[in-house]
Amino acid sequence: MKQKNFTIRLYNTLTKRKEPLHPRTEKVLHMYVCGLTPYDSMHIGHARTFTIFDAFRRFLEHLGWTVIHVQNWTDIDDKIIQRANEKGCSSSELAEDYIAEAMTDWQNLGLCPPHIMPRVTDHIPEIIQSIGELINGGYAYQADGDVYFSVARYQNEFGDYGDLSGQNLEEIQAGARVEPGEHKRNPIDFALWKRAKEGEPFWDSPWGRGRPGWHIECSVMSLKYLGHPIDLHGAAVELTFPHHENEKAQSQALVRVQPVVRHWMHCGVLNVAGDKMSKSLGNIIPLSEALKKSGPNDLRLLFLSTHYRSPLNYTDDLMAGARASVRRLSEALTQVLQVPSQPTKEEDTTSSKKSISLFQLGHQSTDLFYQALADDFNTAEALGYVFRMVGGILTTLALEREGLSPRQKEALLFLFGKIKSCLTVLGFDVDQMVTPPVIQDEMAQDLMTLLIELRQKLRAEKLFSLADWIRSSLGEKGIILEDGPEGTRWRRK
RNA sequence: GGCGCCGUAACCGAGAGGCACAGGUGCGGGAUUGCAAAUCCCGAUACCCGGGUUCGAAUCCCGGCGGCGCCUCCA
């Protein structure tokens, strides 16, 4: 698979079209993804966004690309300061705590760590230097300890402000506001440097004590680690304006390359039962909370079963559906693992034909799988092809109860390999799907085994009411027993 | 109000001129099962509305209606 040469087409927010992904060096993608502002726990909306970029990265890597993945921590900002004040700790303590927590969540979700995760507070000198350059270039001005970016001045020279978010200057102008205490020449100008108020954390700068504005950190850090033009810049759509529009203007003013980002990839937001997650609605679902009920595979399936640009409306039913889908995958894969030890029957014309069509199913579905991903990363369609292979396996196994021919066995194992490979490309943990559940506590594990054996003995004695009582009692504890031909297995509900 | 996205079965969700075989979840019937579960088979239900273009429209165009996002807090 590594030698496959696909043209990868991806919707570009800047041009509003699907375009071939053209990195500046062939098969090397410089990818910057806007990361978290660590002022609170990571929630499932973040998880969706990061899962999408994680899967996209794995897809490219699987095709033999090198992806240089940079994702920042915006570890100083107004929300962090406010939160730290509420909690009575310092901004950096607060940020570090949430960064540590997010890294754990990140791992639990099964995400590849980005190669570089720069913190804003580690880049203050670079940021100050860049702001200085913008002032020298005439793109920025000081006002009472603040430094603002002059959109009008930028627009004069580059003429593309508003292109990314699809707005013209008048429209932006109409909506622009000036906060009390700001000294902008023009309401659409935005802060590069904010003067520190009483009690706020600060860094010394040529313009006095303060901290970076919201957008400059991404310009500075993306350029520092990725150079330019940056091949792909990603985040959720809601960052398109103002964040990315402003970031793009600053970066272009800094390096005078247009476009400084070749491809903007934005994914849709996640809503909860129709509403945007917000503190006032109290409907924020922390990732750690979601991971208590569902495994990383379940969440990943949920996120990838909708096209990345569509909004995703999270509900418990939908989550349960995703969990059931993963169970179907596990079921099929687990069953194939038992194929080698199943009785073999003689090869004949029929079994040979059947195995050929299974091989075809595998080849064709895998092909379509990659094509779907190459066409604007359509994971929803791609997963459909995986499930076609799953159907092929389960149907064959159900139909050939009395035995499989050698070639049929081969074909099933071939499908297993294809499914595993496809799922791995998207970042699923296939090993976890085929691993029976374990109990960490050894004693508890022994008791469980004992209970199952006891129940088997009761069933052998036809003491079904007792056996059923054990099963339903365990059911109340969230443990489901399944009696199959190979014995009884258990799983968590 | 401006800009953008969207409307496909009970639900989720692909498809973008050529028969609605996507796929998943759920539901009904059957097989299997001591009974369940799991699995298999069969089944039901869908292209928001109205015009237009076309031999042919879910798909393209126009107009409605409805929903969502952004419009300086946002992943």
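Chain letters run A, B, ... following the sequence lines, proteins first and then strands; every chain starts at 1. Predicted, not measured: the structure shown is a model, and the values here were computed from it.
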### Message
Say we look at U8(B) and A57(B): how far apart would their C1' atoms be, to the nearest angstrom?
### Response
14 Å

#### Entry: Pi-cation contact, Tyr148(A) with Arg185(A) (under 6.0 Å, within 45°)
no

## Note on the structure
Rounded to the nearest 0.5 angstrom, the CZ-OG1 distance for Arg471(A) and Thr488(A) is 9.0 Å

### Summary
Checking G69(B), A75(B), A14(B) against the side chain of Val237(A) (C-beta onward), the nearest is G69(B)

### Message
When you measure only distances, ignoring hydrogens and angles, does the side chain of Arg401(A) come within 3.5 Å of the base of C40(B) through a donor and an acceptor?
### Response
no

#### Entry: Ring centres under 6.0 angstrom apart (His263(A), His233(A))
no

### Task
Identify whether NZ of Lys or CZ of Arg in Arg153(A) sits under 6.0 Å from the centre of the six-membered ring of Tyr139(A) and within 45° of that ring's axis.
yes

### Task
Searching all strands shown, indicate the nucleotide that pairs with A16(B) (Watson-Crick or G-U wobble; both distances under 3.5 Å).
none

### Protein proximity profile, nucleotides 27-33 of chain B - base contact B, sugar-phosphate-only contact S, no contact -, cut-off 4.0 Å on heavy atoms
-------

### Query
Of Glu247(A), Glu245(A), His243(A), which meets side chain to side chain donor-acceptor pair (under 3.5 Å) against His215(A)?
His243(A)

### Query
Checking all strands, does Ser310(A) fall into the base, sugar-phosphate, or nothing category for heavy-atom contacts under 4.0 angstrom?
sugar-phosphate

### Query
Reckon Thr315(A) touches a base, only the sugar-phosphate, or nothing at all at heavy-atom distances under 4.0 Å?
nothing

### Query
Is there a Watson-Crick or G-U wobble partner for G1(B) with both distances under 3.5 Å, and which nucleotide is it?
C71(B)

### Query
Among side-chain atoms of Gln342(A) and Gln338(A), is any donor-acceptor pair under 3.5 angstrom?
no

What pairs of nitrogen or oxygen atoms, one from the protein and one from nucleotides 24-26 of chain B, lie under 3.5 Å apart?
| residue | atom | partner | partner atom | Å |
| --- | --- | --- | --- | --- |
| G24(B) | OP1 | Arg328(A) | NE | 3.4 |
| G24(B) | O2' | Ser325(A) | OG | 2.1 |

### Task
Write down the partner of C11(B) under the Watson-Crick or G-U wobble criteria, each distance required to be under 3.5 Å.
G24(B)

### Task
Quick one: look up who C35(B) pairs with, Watson-Crick or G-U, both distances under 3.5 Å, and put none if it's unpaired.
none

